[in-house]
Structure formats: C-alpha cells, structure tokens
Amino acid sequence: MKYGVNEQGYYGDFGGAYIPEMLYPNVEELRQQYMAIINDKAFKDEFESLLKDYVGRPSPLYHAKRFSERYGANIFFKREDLNHTGSHKINNAIGQILLAIRLGKKRIIAETGAGQHGVATATVCALKGIECVVYMGEIDIERQAPNVARMKMLGAKVVPATSGSKTLKDATNEAMRDWINNPVDTHYIIGSVVGPYPYPDMVARFQSIISEEAKKQLTEHTGKALPDYVMACVGGGSNAMGMFYHFLDDESVKLVAVEAAGKGVDTGHSAATTFLGKEGVLHGSRTILMQTDDGQVVEPYSISAGLDYPGIGPQHAHLYKINRAEYVSITDEEALQAGLLCSQLEGIIPAIETAHALAQLEKMAFKKDDNVIICLSGRGDKDLATYIKHFGF
Ligand SMILES: *Cc1c(COP(=O)(O)O)cnc(C)c1O
C-alpha cells in the first residue's frame with residue numbers, strides 16, 4: 001500500500017515508537033505479533049461476526065437527499081452513528097479485545113477524555129468478562145458524569161488522574177505508568193490512530209471496515225465505486241483513517257479532513273493541529289502537534305471533547321505533508337449550526353465532532369454530479385446538554 005506504514009513503523013517522516021525503555025518489551029511483543037493475529041482466519045471470523053451481530057454492521061450508506069439538494073451534489077452519510085455505543089470507536093475496541101485475548105492478556109487498561117473510548121472499552125471488556133481499568137482526568141470525571149456512570153455500570157473501574165491539568169494528557173500518562181508496571185498480563189487499548197507503532201497501523205486496519213463497506217455500498221447506489229470526495233472529522237484521526245483507508249490509492253478521490261478550530265485558529269483556543277502545529281513527538285510517535293517554541297505541548301481547545309487533542313496520528317501528518325489529503329478547520333459556532341441543520345434537514349442529530357465535517361460542506365464548491373461521502377462518526381445524544389445550552393431549547 002503506497003501510503004501505508006513501512007517496516008520500521010514510519011509513514012514518510014512520521015510515526016515510529018518513541019517510548020521509555022521500560023515500555024519496550026510491551027510494544028515489541030505487540031509489534032511482532034499483531035499482523036499474524038489479525039490475519040488469522042479464526043480471528044477474522046470472530047471479528048466479522050461480532051461486527052455484524054453485536055455492533056450492527058454493515059452500517060448503512062445513506063443518500064441524504066435534502067443535504068444533496070442544498071449543496072448541489074450527491075451527499076452520502078456513512079452511518080457510524082448507528083453502531084452499538086453510538087460511534088465508530090467500538091470497531092477498534094472489538095478488534096483490540098480479541099487481539100488482547102490471543103496475546104494471553106487478563107487485564108485491560110485505557111485512557112479516556114470525554115469518556116467515549118472508555119465506554120467502548122468497558123463495553124467490550126464486559127462482553128468478554130475481562131477486568132477493565134479506565135484512567136480519566138479528575139476534571140473530565142466531573143464534566144462527563146453520564147459516561148463515568150456508564151463505565152461503572154459496565155463493570156469498569158474508573159481511576160482519576162490527579163496530576164497536571166487533570167485531563168486527557170494526564171490520564172494517558174497514568175495509563176502508560178500502569179502498563180510499564182504490568183507488562184505481562186495487561187493490554188493497553190489506545191482509542192485512535194495515535195501512539196507508538198504498531199498502534200496507528202493496527203487501529204487504522206480495525207477502522208478500515210468503514211471504507212471497505214462504503215466502496216461496495218456506493219457501487220450499489222451509483223454504479224461507481226469511487227466517489228469524488230471523502231470527508232471526515234479528525235481528533236486523533238481514527239474515523240477519518242477508516243473512511244480514507246480503501247480510497248488512499250485511488251488518487252482521483254479527494255480526501256478532506258476537518259479539524260476543530262475551536263473559537264478560531266488565532267484565538268489561543270483551538271485544536272487545529274495542522275494549521276497551528278509543528279513536527280515533534282507526542283504520545284510515542286513523531287507527528288505534527290501544537291507546541292511552544294521550546295517544545296511544550298499547548299493545551300488544545302474545542303467544544304467537542306473528541307476533537308480536543310493537541311496532535312494528529314502520524315499517517316495524517318504524512319498525508320498532510322505530501323498533500324494527499326486536504327486539512328481544514330471549523331469553529332465551534334460553525335459546527336453547532338451544522339449540527340442543527342443536519343437535525344432539521346435529515347432528522348439525524350449528529351455528535352458535535354461529526355458536525356465539524358458537515359460544516360465544511362458550506363465551504364465547498366461541488367459540481368452537480370459529484371458523489372460525496374461523509375463519515376457520520378457518531379450520534380449526538382451525548383452532546384444534547386451542549387446543544388441545549390447553545391440554542392436554548
Ligand atoms: C472520539 C470521536 C471522534 C474523534 O476521534 P477520531 O479518532 O479522530 O475519529 C470523532 N467523532 C466521534 C463521534 C467520536 O466519539
């Protein structure tokens with residue numbers, strides 16, 4: 001695959017595994033085994049069967065008629081919002097729990113910001129009867145009470161991270177520390193296409209089911225497998241990478257990745273990584289991240305917790321640098337308006353993360369027969385309080 005990872009774990013200048021020496025055995029075990037495990041027939045059969053009967057795949061490719069009318073092109077929504085637990089995150093969580101079991105692991109750890117990845121992880125641990133510990137910043141625990149309750153109801157232990165800014169970055173540090181201390185029995189489920197190699201490649205493969213299905217479904221709808229545009233929002237970049245994956249080598253397909261501009265890219269309250277960031281190392285890989293001149297990570301800001309991340313996965317950094325995909329950004333306000341529009345034109349309340357991708361449609365100029373696929377990464381139930389606060393319903 002032209003844009004895939006090489007044997008050293010790099011995408012062009014980005015990727016690799018920049019980890020403390022004490023983590024080396026854990027990451028090395030994963031690196032040596034992940035491809036053999038996920039290519040094994042029994043693994044594939046179980047993964048496919050759970051995606052079908054537990055997650056509810058294939059997710060539909062829906063021709064959004066009123067959106068199509070408004071934007072003057074054929075707009076299709078890839079409905080990851082209809083998955084069990086409400087977003088694409090479950091695809092990766094299922095893949096990783098099956099992998100962990102085959103590695104002989106007895107205990108799962110994860111980090112979570114808003115709690116979406118924590119809920120997906122707690123769900124698959126309940127499904128498989130495996131101990132689950134989720135690290136979460138103390139501040140996020142206060143802000144995201146419903147997801148904390150969900151994780152506890154599913155049987156997970158939620159451990160507060162009390163250092164630093166008490167948010168996602170600190171939860172990640174705590175999870176890393178746990179993994180170092182429990183190298184034999186514990187697997188760390190990372191929730192996006194970030195982290196040391198092999199995580200970015202492994203998570204992209206688990207999410208690639210999105211574009212695998214979409215290609216077939218577009219053929220059924222239009223007689224053509226290749227759309228003109230494929231669009232998705234980017235936090236760490238896993239739904240976007242899943243949506244891009246099987247179109248990467250089809251150079252005629254334009255890939256559009258939408259980041260969160262927050263209050264605006266030059267307000268100091270933003271998460272528009274490619275616009276504001278520089279090359280450096282974040283969470284174990286070389287990528288593009290928001291940092292000060294002396295290399296301190298800048299606190300990101302976005303109204304949507306899933307996009308509130310100071311970096312992007314290394315494969316995205318590569319696609320950005322070589323111009324294979326276009327990276328743009330959308331403000332909080334633009335995203336909220338797009339969320340409202342999608343609700344009222346299509347009867348679908350999207351996650352605010354997803355609404356960023358929808359908002360980008362307003363800025364594009366399509367030809368009449370263009371086919372456009374947007375990844376509808378998640379549903380908006382979790383964001384209702386934010387929508388209510390903004391629109392005053
Ligand atoms: C977590 C999340 C995202 C952002 O994560 P990616 O890894 O960039 O996909 C986007 N949409 C939804 C609904 C999410 O829950």
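A quick note: this is a predicted structure, and the numbers were derived from the prediction, not measured. Sequence positions, counted from 1, serve as the residue numbers for this chain. In listed order, ligands and their atoms are each counted from 1.
Taking every non-hydrogen atom of Ala351 and a distance limit under 4.0 Å, the qualifying atoms of ligand 1 come out as 13 (C). Ligand 1 places these atoms under 4.0 Å from at least one heavy atom of Ser238: 6 (P), 7 (O), 8 (O), 9 (O). Of all the atoms in ligand 1, the ones that sit under 4.0 Å from a non-hydrogen atom of Gly378 are 13 (C).
Polar contact check, Lys382 against ligand 1: no nitrogen or oxygen pair lies under 3.5 Å apart. Looking at Gln116 next to ligand 1, no N or O pair under 3.5 Å apart turns up. Between Gly235 and ligand 1, at least one N/O pair is under 3.5 Å apart. Residue Ser192 has at least one nitrogen or oxygen atom sitting less than 3.5 Å from a nitrogen or oxygen atom of ligand 1, judged on distance alone. In terms of polar-atom proximity, Glu353 is not counted as a contact of ligand 1, lacking any N or O under 3.5 Å from an N or O of the ligand. At least one N or O atom of Gly237 sits closer than 3.5 Å to an N or O atom of ligand 1.
Looking at His390 and Glu333, their side chains do bring a donor and an acceptor atom within 3.5 Å of each other. The closest side-chain donor-acceptor pair between Tyr62 and Glu346 falls under 3.5 angstrom. A side-chain donor-acceptor contact under 3.5 Å links Tyr34 and Asp201. When only modelled atom types and interatomic distance are considered, Arg57 and Asn91 share a side-chain donor-acceptor pair under 3.5 Å. Tyr301 and Asp332 form a side-chain donor-acceptor contact under 3.5 Å, judged by distance and modelled atom types alone.
Remark: minimum distance from atom 4 (C) of ligand 1 to any protein heavy atom is reached at Gly306 O, 3.3 Å. Summary of contacts: the protein heavy atom closest to atom 2 (C) of ligand 1 is Lys89 NZ, 2.4 Å.
Without hydrogens or angle criteria, Glu111 side chain to Tyr188 main chain gives no donor-acceptor distance under 3.5 Å. Remark: side-chain polar atoms of Lys215 are paired, donor with acceptor, to backbone N or O of His246 under 3.5 angstrom. Counting only distance, with no hydrogens or angles, the side chain of Glu334 and the backbone of Thr331 share a donor-acceptor pair below 3.5 Å. No side-chain donor-acceptor contact under 3.5 Å links Arg286 to the backbone of Gly16.
The option from Ser377, Ala355, Gly236, Gly115 that lies nearest to atom 13 (C) of ligand 1, judged by heavy atoms, is Ser377.
Residue-level proximity to ligand 1 for Glu80 is absent, since no heavy atom of it falls below 4.0 angstrom. If you look at Val234 next to ligand 1, the close heavy atoms, those under 4.0 Å, all belong to the backbone. Contact annotation for His117 and ligand 1: no heavy atom of the residue comes within less than 4.0 Å of the ligand.
For Asp185, there are no side chain to side chain donor-acceptor pair (under 3.5 Å) partners at least two apart in sequence or on another chain.
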